[in-house]
Amino acid sequence: MAVVVKSMRSMSDSEVATATRWAFGAWLAATVQMLRLERVMHATGGPGIVAFELAGSEQQATAILDRWGPEGTAAARKSLQLDFAYMCSYGTFTALLSEGAGRRIEQRSGIRFGPVAQLFCAAAVAADACEGVALLSILRGGDRQVHAARARKAALTKFAMLSIPLTLWAVSRLTERR
């Protein structure tokens, strides 16, 4: 079976829309799996994975791990491992959203935002990978202060980078309705 990869720019609008729907389905399926693990963490009386991502200090990371206990920590480890696949799903989905949004805006204004927004998607995924490595390092017994601080910086970068393509998509939809 031969696999053909097309650049998004060479895809028709309907191909981008179809690919976006498929990417949404993959993202949704991955999200369901991540939410199952999130539930386990919460069932321990501890917070979810985002609080761990944003802990930022040895004291906060230790407090979260203590609240989770072995069961919550195991769920967090599994969540962080699955997150590397999750990055692919949300990275692809947001890049395709950016392509569609960029096309809508370009048709109205002549300005190409899509490729820039896609770079922000890639930067978000890269930051998420750095965050995941730092958090897994904590779970493997690494320096909690160093890795918690790295994870927080990476998580904040990830969230900031994702806000750009998602804002572009929202703007393209709002201006489309006018």
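Cluster membership check: Phe159 does not share its hydrophobic cluster with Leu119, using side-chain heavy-atom separations under 4.5 Å among Ile, Leu, Val, Met, Phe, Trp and Tyr. Phe84 and Met161 are members of different hydrophobic clusters when ILVMFWY side chains are connected at heavy-atom separations under 4.5 Å. Tracing side-chain contacts under 4.5 Å through hydrophobic residues (I, L, V, M, F, W, Y), one reaches Leu80 starting from Val125; they form part of the same cluster. Grouping the Ile, Leu, Val, Met, Phe, Trp and Tyr side chains by contacts below 4.5 angstrom, directly or via other members, places Leu96 apart from Val116.
Residues Ser79 and Met34 are in side-chain contact: their nearest non-hydrogen atoms beyond the backbone lie under 4.5 Å apart. You'll find the side chain of Val50 reaches within 4.5 Å of the side chain of Glu53, heavy atoms only. Two residues are said to be in side-chain contact when any heavy atoms from C-beta on lie closer than 4.5 Å; Met11 and Arg103 meet this criterion. With contacts defined as side-chain heavy-atom distances shorter than 4.5 Å, the pair Ser172/Leu168 does not qualify. You'll find the side chain of Phe24 stays beyond 4.5 Å of the side chain of Leu97, heavy atoms only. Side chains of Val32 and Leu35 form no contact here, defined as non-hydrogen atoms less than 4.5 Å apart.
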Report task. Test Val171 against Phe113 for side chain to side chain contact (heavy atoms under 4.5 Å, CB included), laying out the working first. Result -> CA-CA 11 Å; Val171 166; Phe113 286 111; over 6 Å; no
Requested in this report: Assess whether side chain to side chain contact (heavy atoms under 4.5 Å, CB included) is satisfied between Leu139 and Gln81, documenting all intermediate values.
Outcome: CA-CA 11 Å; Leu139 296 180; Gln81 291 166 343; over 6 Å; no
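A donor-acceptor pair is defined here as one N or O able to donate and one able to accept, closer than 3.5 Å; no such pair exists between the side chain of Trp68 and the backbone of Gly48. For the pair Ser137 (side chain) and Val133 (backbone), a donor-acceptor distance under 3.5 Å is present.
Smallest separation of non-hydrogen atoms from Gln118 and Ala95: NE2-O, 3.5 Å. Summarising the geometry of Val16 relative to Gly100, their closest heavy-atom pair is CG1-N, 4.1 Å, with the distance given to 0.1 Å. The two residues Ala61 and Ala55 have their closest heavy-atom pair at N-CB, 3.8 Å.
Heavy atoms from other residues, nucleotides or ligands lying under 6.0 Å from CD of Glu71 number 12 at most. When the shell of 6.0 Å around CD of Glu106 is examined, it contains more than 12 heavy atoms from other residues, nucleotides or ligands.
The CG atom of Leu65 sits 11.0 Å away from the CD atom of Gln60 when rounded to the nearest 0.5 Å. Distance check: Met41 CE to Arg36 CZ gives 13.5 Å after rounding to the nearest 0.5 Å. Taking CG of Asp83 as the reference point, atom CD1 of Ile49 lies at 8.0 Å (rounded to 0.5 Å). In this structure, Leu136 CG and Glu131 CD are separated by 10.0 Å, a value rounded to the nearest 0.5 Å. Put simply, OG1 on Thr73 and CD1 on Ile138 are 11.0 Å apart, with the number rounded to the nearest 0.5 Å. Rounded to the nearest 0.5 angstrom, Thr167 OG1 and Phe120 CZ are separated by 10.5 Å.
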Please list every donor-acceptor pair under 3.5 Å in which a side-chain atom of residues 144-153 meets a protein atom from a residue at least two apart or in another chain.
{"residue": "Arg144", "atom": "NH1", "partner": "Thr62", "partner atom": "OG1", "Å": "2.8"}
{"residue": "Gln145", "atom": "OE1", "partner": "Glu58", "partner atom": "N", "Å": "2.9"}
{"residue": "Arg152", "atom": "NH1", "partner": "Leu54", "partner atom": "O", "Å": "2.7"}

Pair up each side-chain donor or acceptor in residues 85-94 with any protein partner under 3.5 Å, not counting sequence neighbours, and list the distances.
{"residue": "Tyr86", "atom": "OH", "partner": "Trp27", "partner atom": "NE1", "Å": "3.0"}
{"residue": "Tyr86", "atom": "OH", "partner": "Thr31", "partner atom": "OG1", "Å": "2.9"}
{"residue": "Ser89", "atom": "OG", "partner": "Tyr86", "partner atom": "O", "Å": "2.8"}
{"residue": "Tyr90", "atom": "OH", "partner": "Asp128", "partner atom": "OD2", "Å": "2.7"}
{"residue": "Thr92", "atom": "OG1", "partner": "Cys88", "partner atom": "O", "Å": "2.8"}
{"residue": "Thr94", "atom": "OG1", "partner": "Tyr90", "partner atom": "O", "Å": "2.8"}
{"residue": "Thr94", "atom": "OG1", "partner": "Gly91", "partner atom": "O", "Å": "3.3"}

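With sequence neighbours left out, the ring pair (Phe, Tyr, Trp, His ring centres under 6.0 Å) criterion links Trp169 to no other residue.
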